[in-house]
Every structure is written in structure tokens, then in C-alpha cells.
Amino acid sequence: MLDLRIIREDPDRIRQALRDRGFTHTTPVDEVIQADAQRRHFVTQQQALRAQVKQTARSIGTLMRQGKRQEADQLIADQARLKQNGKEFAAKAAETDETLRALLLSLPNVPHESVPVGRDAADNAVVHAQGEMPEADFELLPHWELAEHLGLIDFARGSKVAGAGFPFYVGMGARLQRALIQFFLDQAARFYTEIQPPLFINEDSARGTGQLPDKEGQMYHVRIDNLYPVPTAEVPLTNYYRGEILSEADLPIKLCAHTPCWRREAGSYGAHVRGLNRLHQFDKVELVQFTHPDRSYDALETMRADAENLLTLLGLPWRRLLMCTGDMGFNQAKQYDLEVWSAGQQRWLEVSSLSNFTSYQARRMSIRYRPAAGGKPRLVHTLNGSALALPRIVAVLLENNQRPDRSIALPEVLHSYMGIPEIR
RNA sequence: GGAGGGGUGGCAGAGUGGUCGAAUGCACUGGUCUUGAAAACCAGCGUACCGCAAGGUACCGGGGGUUCGAAUCCCUCCCCCUCCGCCA
């Protein structure tokens with residue numbers, strides 16, 4: 001959610017942000033301004049009437065105590081009319097308030113000035129690339145063939161038991177999962193507080209981080225208890241402080257967690273979702289930060305470096321994309337994506353997305369801090385990023401490190417976690 | 001799942017229909033006193049919204065209702081505690 005005051009005072013800035021993001025019209029801005037004016041008008045009216053009702057009620061109380069029953073009855077008769085008017089204004093105020101809120105939720109975050117203006121993925125800026133793309137004088141197989149050959153992942157039985165996108169990891173495949181989770185968490189826990197969050201979240205939490213209402217179809221839903229299996233640890237971690245006032249001295253607060261992530265991925269299909277490329281359930285280590293508003297962009301850079309360090313340690317060729325205004329997430333003010341080169345598929349795969357939400361999520365969730373110097377609570381800035389999502393890392397580890405005999409050399413950082421230097 | 005008891009300001013804890021946004025204590029902040037500190041005393045001390053301001057409105061777990069008037073009565077949902085049942 002955006003700051004109403006900014007919309008009121010600098011609507012052109014919001015209009016420009018909408019255009020940059022590829023919105024065809026900027027009328028929502030005007031609708032917000034109109035609804036806001038209406039709402040304030042109704043609220044003022046309602047409150048004035050309410051004040052009258054209260055005042056009269058007090059008079060009635062006094063008269064009753066003095067035994068002036070008749071005069072009291074006279075006032076009581078008057079109250080009915082006031083109350084009726086009050087109800088009408090209250091209804092109007094509530095209605096415009098709802099309209100306003102819905103409109104506000106329809107406005108995306110304002111991109112940071114460093115974000116390139118662009119239409120779609122083609123306009124994202126590759127700002128850094130690192131590592132060697134493997135070359136081989138033998139045919140490089142895609143991970144699903146390697147995984148099957150080595151008996152690491154059983155897609156078919158996963159389909160039988162749960163459905164497409166729910167693989168079984170078997171033997172060294174399962175162990176590799178465990179090793180990566182452990183490795184990622186060990187690295188993250190050096191700078192972030194390790195958390196084991198609930199794996200189901202309620203409606204309020206889903207609303208807090210913005211999964212509801214617009215991304216509803218992406219989550220699974222347990223109807224009987226109205227709970228959602230987490231689509232990402234971002235949701236429980238960011239909601240950890242929902243509705244709270246933190247103390248400035250505690251900022252930045254840095255949390256990390258490993259969770260499975262469940263996503264319906266409705267509408268996805270085709271060759272690009274083969275194997276591990278897109279799953280309904282996958283593991284991820286997530287980083288979340290709550291920062292002072294002046295330091296969120298610095299925090300984004302360090303968080304980004306934290307994730308990149310993992311890729312470097314794993315010896316994978318990776319690149320960093322600065323997402324353009326048109327391809328960036330709705331809630332984000334600035335977003336980096338990290339991609340790794342898949343030798344078996346000859347394309348880049350996204351393995352991490354790191355974002356600064358500025359006060360956009362914090363406002364909707366009401367996460368604030370009390371300034372050390374005193375004064376009113378102010379909104380924190382929230383950030384999150386994956387470090388990292390497992391499946392595509394597994395895919396690339398297999399593909400990029402395959403040998404002519406189809407055995408897999410494991411990167412050195414994983415040797416102690418795996419207990420072996422290679423999979424064969 | 002069944003029965004019962006509870007949810008009040010940072011914490012503790014009064015308040016069961018009428019100036020209650022809410023006593024009191026603790027904590028915290030400022031001041032007086034003091035060489036300094038403690039103690040004592042005095043003052044302050046929630047959040048949001050409306051308003052140029054004065055001021056007003058809302059919030060006593062959430063939502064709804066009764067009433068001229070609700071922290072207080074009713075309904076409903078959530079959470080916590082105790083006992084029983086079940087279970088890892």
C-alpha cells in the first residue's frame with residue numbers, strides 16, 4: 001500500500017510510476033484522490049453527529065439522576081433522529097473507506113529511481129555475470145535424464161502418489177537436498193536469526209504480504225480450517241512482526257528460514273517446466289529484513305551479496321539482473337533476480353529473487369518502529385530474498401558437473417555435507 | 001472433541017450500564033532536591049483517524065447486536081488457562 005499523503009500531494013509521481021510499469025491508464029490515482037476526499041467528508045460528518053449523540057446521552061444521564069424524567073424523555077426522542085443520521089453517514093463513510101482501500105491495494109509500489117524503465121523481461125538489465133559456462137566434448141544431458149539415470153529423483157512415482165510437480169528424491173538425491181538446505185542455512189545463520197516458522201498461514205498473513213487477494217490462485221487452500229500452506233517463507237517471516245511497534249535500536253532485524261514452498265502454478269505447462277524447473281512443492285531458504293527506512297537500499301545490496309556468495313561457493317556460473325519497471329513485482333520498489341546457467345538446457349534459470357518493498361508491505365501490515373530520538377512510530381522497510389531455492393540449483397549442479405560417464409562431481413563446499421565427493 | 005474459567009494501557013491489576021480512554025502499582029521520560037547517585041516529591045507517559053486550529057471521533061481480543069448511553073448486557077469468532085477424552 002502506498003502512502004495516501006504522497007498520492008494527495010504528488011499524484012504525478014504515482015501516475016508516472018504506473019506508466020513506467022506499463023499501466024495503460026492512470027485513472028486509479030484520480031479515483032483514490034476522489035474517494036479519499038469523499039471519505040474524509042463523511043467521516044467528519046459522522047463524527048460530528050456522534051459527538052452530539054454522546055453529549056445528549058450525558059445530559060440524559062444527568063437529568064435522570066436529578067429525577068427530571070420528562071425532560072429526559074424529550075431528549076431521548078430527539079436522539080432517535082440524530083442516531084438515524086449518524087448511521088447513514090457511518091454507512092457512507094464505511095463504504096467509501098472500503099472503496100478507497102480497494103483502490104489503494106490496486107496501486108503498485110513506486111519503482112526506485114535506479115530501476116530501469118522497461119516493458120518486459122527483455123528490458124531487464126544484466127548488471128553482473130560471473131563464473132565459467134561449462135563446455136564439453138560430449139553431449140550434456142538435462143538434469144531429468146541425469147537424475148533418472150543415477151536414481152536420484154523419481155518423478156513418475158511422485159505423479160502417482162501426489163501428482164505432477166511432486167517428485168520423490170531418493171537416496172543420494174534426498175541427501176543432496178538435505179545437504180543443500182543445511183549448507184544454505186549454515187551460511188545464512190551467520191548473519192540472520194534462524195527461524196522455524198509455521199508451514200500454514202491464515203488469511204490475515206496472506207493478506208499482509210500481498211498473496212491475497214490477487215495471487216489467491218497460486219496458493220493451496222485448506223478450506224476446512226481456512227489455512228494456506230506457505231507459498232514461501234516470506235509470508236510467515238514478514239508477518240512475524242505484523243501489527244507491532246519495534247524499537248529503533250533493534251533494527252535491522254534479519255531473519256532466515258528453510259521451508260518447503262507449495263504453489264499451485266496454475267496455467268504453467270510446456271518444456272520449460274520439465275523436471276525440476278517448476279514444481280508444486282520445493283524447498284527454499286529465505287532471507288527477510290526489517291530495516292530503518294534510510295537503510296533499506298544498502299540492505300538490499302548486502303542481502304543480494306549474501307545470496308550471490310552461495311552461487312560462487314557452489315562454483316556455478318551466475319548473473320544478476322536488475323528487473324525493469326515492467327517486469328518487476330507489484331509490491332517491489334527494486335528487485336534483483338539471480339540466474340544460473342544450465343548447461344544441460346542451454347539457458348539461464350532463475351534461482352533467487354531479492355527485493356526491497358520499502359514501506360509498501362509495512363504499511364499494509366502496520367509494522368513500525370519507535371524512533372530512538374522519540375516521536376511518533378514510523379514504518380519500517382521490509383526486504384526479502386531467496387538464498388536459495390533448491391530445485392534449479394540441483395538441476396544445474398547435476399547438469400554443469402556431469403562427466404562423460406554420467407557421474408556428477410560435487411562442489412567442494414558440499415563434500416562434508418554429502419560425505420562423498422561425487423555421485424555415481 | 002467435551003466441561004469450566006479467562007482475555008483491560010509496556011507489565012501487573014481495578015472497574016459489571018451514565019463525564020471511563022479507563023483507578024492504582026511497577027517500568028519509562030522530564031523536573032525539584034543532591035557534590036553525584038539513590039530515595040522522596042512534582043509533572044508527563046498508548047495508537048489511529050478527522051480538523052488550519054481549538055478540538056473531536058474510534059479503539060478495554062476481533063466482528064455484530066441491545067440501549068438515550070456499553071470495558072460493563074446479548075450473539076458469534078479467535079486466543080489463553082484448568083480438568084476430561086484422544087494423541088506424537
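None of these values were measured; they are calculated from a predicted model. Just so we're on the same page: letters track the sequence lines, and every chain starts at 1.
As judged by a 4.0 angstrom heavy-atom cut-off over every strand, Q79(A) is placed among residues touching the sugar-phosphate backbone only. Among the atoms of the strands shown, none is found under 4.0 Å from any heavy atom of L75(A). Within 4.0 Å of T44(A), counting heavy atoms only, lie sugar-phosphate atoms of the nucleic acid but no base atom.
Annotation: G2(B) and C11(B) have their P atoms spaced 32 Å apart (nearest Å). Atom P of C74(B) sits at a distance of 12 Å from the matching atom of G6(B), rounded to the whole Å. Of the C1' atoms belonging to A70(B) and A58(B), the separation is 14 Å, rounded to the nearest Å. Distance check on atom P: G36(B) versus G44(B) gives 26 Å, rounded to whole Å. Between the C1' atoms of C79(B) and U8(B), the separation comes to 15 Å (whole Å). On the C1' atoms, C60(B) is 8 Å away from A22(B), given to the nearest whole Å. A14(B) and U66(B) have their P atoms separated by 32 Å, given to the nearest Å. A27(B) sits 10 Å from A12(B) when the C1' atoms are compared, rounded to a whole Å.
In this structure, of C49(B), U47(B), G51(B), it is G51(B) that holds the atom nearest to the side chain of R40(A). With distances taken from any side-chain atom of P377(A) to the nucleotides U47(B), A70(B), C50(B), the minimum falls on U47(B). Of all nucleotides listed (C49(B), U57(B), C68(B)), C68(B) comes nearest to the side chain of I60(A). Of the candidate nucleotides U57(B), C49(B), U47(B), U47(B) has the atom nearest to the side chain of I245(A). Listed nucleotides: A58(B), C49(B), U47(B). Nearest to the side chain of K54(A): A58(B). In this structure, the nucleotide among C68(B), G56(B), U47(B) sitting nearest to the side chain of A51(A) is G56(B).
Base pairing analysis places A40(B) opposite U32(B); the two distances defining the Watson-Crick or G-U wobble pair are each below 3.5 Å.
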**OP:** Run the numbers on V53(A) and Q79(A) for side-chain contact (heavy atoms from CB on, under 4.5 Å), then give the verdict.
**Re:** CA-CA 7 Å; V53(A) 169; Q79(A) 279 290 68; 3.5 Å; yes
**OP:** Please lay out, stage by stage, how Y228(A) and F200(A) fare under the test ring-ring contact (aromatic ring centres under 6.0 Å, His included).
**Re:** CA-CA 5 Å; Y228(A) 300 86; F200(A) 289 75; 9.7 Å; no
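Closest approach of F330(A) to L105(A), counting heavy atoms only: CE2-O, 3.5 Å.
Residues R58(A) and D36(A) both approach RNA chain B. Their nearest nucleotides, taken by heavy-atom distance, put R58(A) toward the 5′ side. Remark on RNA chain B: of its neighbouring residues G61(A) and L4(A), the 5'-side contact belongs to G61(A), judged by nearest-heavy-atom nucleotide.
Note on ring orientation: taking the six-membered ring where Trp is involved, the planes of Y220(A) and H280(A) are perpendicular (angle over 60°, cut-offs 30° and 60°).
Atom CZ of R119(A) is surrounded by 12 or fewer heavy atoms from other residues, nucleotides or ligands within 6.0 Å.
With respect to the salt-bridge test (charged N to carboxylate O, under 4.0 angstrom), the residues D337(A) and R320(A) do not qualify.
The side chain of R368(A) contributes no N or O atom lying less than 4.0 Å from OP1 or OP2 of U47(B). Taking 4.0 angstrom as the limit, R370(A) places a side-chain polar atom (N or O) nearer than this to OP1 or OP2 of U47(B).
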